[in-house]
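Heads up, the thing below is written out as structure tokens.
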Amino acid sequence: MKILVVHQLPYRKADYRRAIDHERHAVTYVGAPDRLADLPADLPCTRLEIGEGEDIVQGVLARVGPADGYERVVSLSEFGIVAACLIRDHLGVEGPSLAQTLRVHDKVGMKTALEGSGVRCPRFAAAPSPGDRLPWSGRTVLKPRRGTCSEGVIICETAEEAVQRFWVLADPEGYEVEEFVEGDILHADGLADESGRLLHCVVSRYVNRPADFVAGAPLASYQTPRDERHHVFVARTVQALGIKSGSFHLEFFETPVGELVFLEIANRMGGAGVITAHLRHTGVHLPSYEIAQCLGEEPPRPDTPSGRFHGWLVHPGHQRDPLADHFVRLPDHLLHHPCVDRVHRLAPTDPAPRHITYQEWLVPFAMEASHHDPAVLAEFLRECADAASFVTGRVA
């Protein structure tokens, strides 16, 4: 089979070798120079380089066509899913439609598609007119209609303030206005089959909110035991949005009274430590299963589940001067706690990231953790998130 991979997800996350037999298939990886550089040197493949800053779709369309005989197009990145649809159309290759992809790529489209499904969504306005009175009055969120990591999210104290700020944004057409929902944020990660049925699903609960990470606080997450309410909510959402293959990352609220409220969804894997935590808890490597679905092949044999609940913590560095000290201190009793599986730190000579990222090898401090008891894991990660702090004047 001749396969074109739009390579934007770091190789260490995708680990394409687990799902693609590079000796049996003719595989071409297309991407920017820095992306192609992270492919293993011994990977048997063709590398098709797109110029730095060049539009990925236009770059591919200028270099390949239907006569090249590609049979599948693979993309695992949030930023490559729409591109892959356009490339498939150009090459005449089967795969998810552009309409379906856009439905779960745009936050207004998601909530609009869920109307009448029984899945509760926050009240929202795609483009309020100046002076509009929204049907709620309290805290209100301005957020990009597309994007990840809560980048660009603005929280206002009133709906009136949000409408006023909406119209002074540089690109209001790229934003929506949404009521603020009180409660915990959970995320569900798994796979759907061609009928929209859940094949795998693990629900985790955040410690802090993704928007807090943007503001400079650590973000953590831990897996929870199966709760039928959560599972039904996830299944209903996936079905209502017409997700019929591949991974999904669904975020939703659980209010103080236990109500479940949709936040957003993506038809791709979650970031940070989601892939590793899911693999260890279930034995399922999400990228490999998604690739196998795309290729129409049997997925690889699952690993043996750990029998533990897994979680992760990342500490942001984007708010600091890249050249400033970025050593994150954690008290010894937490750093050497039985829950700790692995700790990642930036080397003192590596600059802190200038952009918002959850990648554990880019942030100043990241941790993988697990325990047989999810309550113990939850308490440990909460304590870590509260205790982690930068140390000034120290390089270690």
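Note that the structure is a prediction, hence the values are computed from the model and not measured.
- Residue pairs meeting the side chain to side chain donor-acceptor pair (under 3.5 Å) criterion with at least one member in residues 37-47, sequence neighbours excluded: His7-Asp38, Arg17-Asp42, Arg35-Asp38.
- The shortest side-chain heavy-atom distance between Tyr29 and Leu48 does not fall under the 4.5 Å cut-off.
- No more than 12 heavy atoms of other residues, nucleotides or ligands sit less than 6.0 Å from atom NZ of Lys244.
- Of the possible polar contacts, none joining the His315 side chain to the Ser389 backbone as a donor-acceptor pair under 3.5 Å is found.
- Arg88 and Tyr70 share no side-chain donor-acceptor pair at under 3.5 Å.
- Within a 6.0 Å sphere centred on CD of Glu52, other residues, nucleotides and ligands contribute more than 12 heavy atoms.
- The 12-atom threshold is exceeded at CZ of Arg123, counting heavy atoms of other residues, nucleotides or ligands nearer than 6.0 Å.
- Between the side chain of Asp212 and the backbone N or O of Arg209 there is at least one donor-acceptor pair closer than 3.5 Å.
- Each of Trp312, Phe309, Tyr222 was compared with His281 under the ring pair (Phe, Tyr, Trp, His ring centres under 6.0 Å) criterion, and only Phe309 meets it.
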Donor-acceptor list for residues 287-296 side chains, cut-off 3.5 Å, not counting sequence neighbours:
{"residue": "Ser288", "atom": "OG", "partner": "His285", "partner atom": "ND1", "Å": "2.6"}
{"residue": "Glu290", "atom": "OE1", "partner": "Ser247", "partner atom": "N", "Å": "3.0"}
{"residue": "Glu290", "atom": "OE1", "partner": "Ser247", "partner atom": "OG", "Å": "2.8"}
{"residue": "Gln293", "atom": "OE1", "partner": "Gly246", "partner atom": "N", "Å": "2.6"}
{"residue": "Gln293", "atom": "NE2", "partner": "Ala192", "partner atom": "O", "Å": "2.8"}

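- The number of heavy atoms from other shown groups lying within 6.0 Å of CD (Glu160) does not exceed 12.
- The aromatic rings of Tyr206 and His187 lie tilted to each other, with the angle between the two planes from 30° to 60°.
- Using a distance-only test at 3.5 Å, with no hydrogens or angles considered, no donor-acceptor pair links the side chain of Arg345 to the main chain of Phe327.
- A side-chain donor-acceptor contact under 3.5 Å links His22 to the backbone of Ile20.
- Proximity of a side-chain donor or acceptor of Lys2 to a complementary backbone N or O of Thr28 within less than 3.5 Å is not detected.
- For His344 and Glu368, the side-chain atoms include at least one donor-acceptor pair closer than 3.5 Å.
- Using the six-membered ring where Trp is involved, Phe213 and Tyr358 have ring planes that are perpendicular, over 60° apart on the 30 and 60° scheme.
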Quiz prompt | Stepwise ring-ring contact (aromatic ring centres under 6.0 Å, His included) check, His371 with Phe380 | solution = CA-CA 10 Å; His371 199 276; Phe380 167 71; 9.2 Å; no

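- Formation of a donor-acceptor pair under 3.5 Å by the Gln8 side chain with backbone atoms of Gly80 is found in this model.
- A donor-acceptor contact closer than 3.5 angstrom links the side chains of Asp189 and His249.
- With Lys111 as the fixed residue, the salt bridge (Lys or Arg N to Asp or Glu O under 4.0 Å) test singles out one of Glu179, Glu176, Glu264: Glu176.
- Of the N and O atoms on the side chains of Gln100 and His105, not one donor lies less than 3.5 Å from an acceptor on the other residue.
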